[in-house]
Amino acid sequence: MLKGTFPVEKFKAIQTPFYYYDIELLKETLSIVTTEAGKYGYHVHYAVKANANPRILSIISEFGLGADCVSGGEIKAALEAGFPANKIVYAGVGKADWEINLGLDNDIFCFNVESAAELQIINELAIAKNKIASIALRINPEVDAHTHAKITTGMKENKFGINLSQLGHVLSELGSLKNIKLIGIHCHIGSQITDISAFRGLVIRVNEIQEEFEARGIQIPNLNFGGGLGIDYYHPNHLPIPAFDNYFAVFKKLLQLRPGQQVHFEPGRSVVANCGTLISKVLYVKEGETKKFAILDAGFTELIRPAMYEAYHRIENISSDEEVEIYDVVGPICESSDVFGKDIELNKAHRGDLIALRSAGAYGEVMASQYNCRQLPKAYYSDTL
Ligand SMILES: *Cc1c(COP(=O)(O)O)cnc(C)c1O
């Protein structure tokens, strides 16, 4: 069974479970993202929520990306990691006053606004500071991303964005909000999108939406298409970097750009998922009546995606080359959902074997919890190990 290459000897000295980041792969991915986006002059804002580890953030900022934040805490983390405020965009359906004030105080590039009610509050807070808030309207484009229901965001029934039917109302209110400057349209239709036709649908819809704005005499200098590009969770060894070239080409080909218009993206998962691995240890091999369980010392407290989204992560026994056997791979947490995978092929497992849960760099460490009074996992890096 083909496996990733890991410094297994060095891992033996480290307390499991822990996150391991392949910094070379992260840098290679970043260099491809910036090159491919750069071909068309597109702007890339990394979605901090995918992984807010300070070391990872600072490497991403060194490559010149901006940051897409969804909370005040993320704005602080982005600023501390060196992202310039004028490359920070801030989305979220529930921005608290202190978070909006933080954005205003730092003169961030743009608030991605999700409702008419929020527009009013940003305007009031901006007036109090005698500032003009640059905003983009997050529009719910009603495009199906063909992804898991829990990570689709661009449908009518989702809580995100302003529905197309309410756009007219919001635009008519904008005129009276003196401390708001409309600078763009923002859309984000979901995550782990592997069907590129969903992005085609999005571009075509944005072309139409632009025409609606223009019919009202409104020019939009910035178009932001959010994130969502999926990765290959099944083949992290063969296909570690997503096809950013094909992704950006869809926009280049179909988008009807107006002169001077700037195009923005907010990839999260596609940048960091494959560089991260959760390393765990087999505590017990338990022979059930019909099944064999490999019980790990990591659980959904370290990696919640399988329990929360029924997500697949490739699991490898990096300590064993013995014949493959079938296991249910589970964690120690006192919840039935604490299962990483059922009927998984693993090289024969023994107590103490190291198990790699691959492609865990996105929505992994950042979603870790202390449930069951567990410790948060530590992180180690390929270049400093
Ligand atoms: C989560 C999110 C992203 C990033 O999504 P990925 O699927 O990780 O690329 C981008 N923009 C917004 C507004 C988000 O909420």
Side-chain angles (χ1 to χ4, degrees), residues 26 29-30 33 37 42-53 56-57 60 65-71 73-75 77-78 83 87-95 99 103 108-115 118 135-141 143 145-155 158-162 184-196 198-199 202 206 222-233 241-244 247-248 251 263-276 305 308-309 311 359-367:
L26 174 63
T29 307
L30 286 165
V33 177
Y42 293 167
H43 305 275
V44 180
H45 309 265
Y46 164 68
V48 173
K49 78 173 189 284
N51 188 321
N53 172 309
I56 302 289
L57 284 186
I60 295 172
L65 283 78
D68 164 41
C69 300
V70 294
S71 72
E74 285 191 0
I75 295 175
F83 289 94
K87 287 188 182 177
I88 291 180
V89 295
Y90 175 26
V93 290
K95 300 180 184 77
E99 295 177 303
I108 61 168
F109 174 62
C110 189
F111 291 86
N112 293 330
V113 172
E114 311 226 7
S115 65
E118 182 191 329
I135 68 112
L137 293 177
R138 176 168 180 176
I139 293 171
N140 185 341
V143 173
H146 302 291
T147 184
H148 191 277
K150 284 191 182 149
I151 49 175
T152 190
T153 55
M155 302 284 281
N158 294 129
K159 70 178 176 181
F160 299 102
I162 296 163
I185 300 175
H186 174 247
C187 296
H188 171 71
I189 56 173
S191 198
Q192 185 50 17
I193 299 168
T194 49
D195 173 4
I196 205 102
F199 294 115
L202 171 62
V206 167
N222 294 283
L223 301 175
N224 183 336
F225 291 94
L229 178 62
I231 67 139
D232 190 334
Y233 280 96
I241 301 176
F244 288 105
Y247 172 66
F248 291 124
F251 297 85
V263 180
H264 303 256
F265 295 90
E266 303 169 339
R269 183 192 314 271
S270 54
V271 176
V272 291
N274 269 331
C275 77
R305 299 189 64 258
M308 189 157 158
Y309 313 117
S359 313
Y363 309 105
E365 186 187 358
V366 76
M367 288 180 123

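Start at 1 and go down the list; that is how both ligands and their atoms are numbered. Predicted, not measured: the structure shown is a model, and the values here were computed from it.
- Two rings, from Tyr247 and Phe265, have their centers less than 6.0 Å apart.
- Phe225 and Phe251 have their aromatic ring centers within a separation under 6.0 angstrom.
- On a distance-only criterion, His186 and ligand 1 share no N/O pair closer than 3.5 Å.
- Contacts between His188 and ligand 1, counted as non-hydrogen atom pairs separated by less than 4.0 Å, involve the side chain only.
- In this structure, Gly228 is part of the shell of residues with a heavy atom less than 4.0 angstrom from ligand 1.
- For Asn112, no heavy-atom contact with ligand 1 is shorter than 4.0 Å.
- For ligand 1, the polar-atom distance check against Glu266 finds a nitrogen or oxygen pair separated by under 3.5 Å.
- Taking distance alone, with nitrogen or oxygen atoms compared against 3.5 Å, Gly268 approaches ligand 1 more closely than that limit.
- For Arg138, no nitrogen or oxygen atom sits less than 3.5 Å from a nitrogen or oxygen atom of ligand 1, counting backbone and side chain alike.
- Among protein heavy atoms, atom 14 (C) of ligand 1 sits closest to Lys49 NZ, 2.8 Å.
- Taking CG from Asn222 and CD1 from Ile185, the interatomic distance works out to 10.0 Å, rounded to the nearest 0.5 Å.
- At least one donor-acceptor pair under 3.5 Å links the side chain of His45 to the backbone N or O of Lys87.
- Taking all atoms of both residues into account, the shortest heavy-atom contact from Cys69 to Val48 is SG-CG2, 4.2 Å.
- The closest approach between Pro267 and ligand 1 falls below 4.0 Å for a heavy atom of the residue.
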If you apply the rule side-chain contact (heavy atoms from CB on, under 4.5 Å), what do you find for Cys187 with Val206, and how did you get there? CA-CA 9 Å; Cys187 296; Val206 167; 3.9 Å; yes
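- Nearest to atom 7 (O) of ligand 1 among the protein's heavy atoms is Ser191 OG, 2.3 Å.
- Counting the atoms of ligand 1 from 1 in the order shown, those under 4.0 Å from a heavy atom of Arg269 are 6 (P), 8 (O), 9 (O).
- With respect to the salt-bridge test (charged N to carboxylate O, under 4.0 angstrom), the residues Lys49 and Glu74 do not qualify.
- The cationic group of Lys95 does not satisfy the cation-pi geometry with Phe111, failing either the under 6.0 Å distance to the six-membered ring centre or the 45° limit from the ring axis.
- At the shortest separation from atom 8 (O) of ligand 1 among protein heavy atoms lies Tyr363 OH, 2.5 Å.
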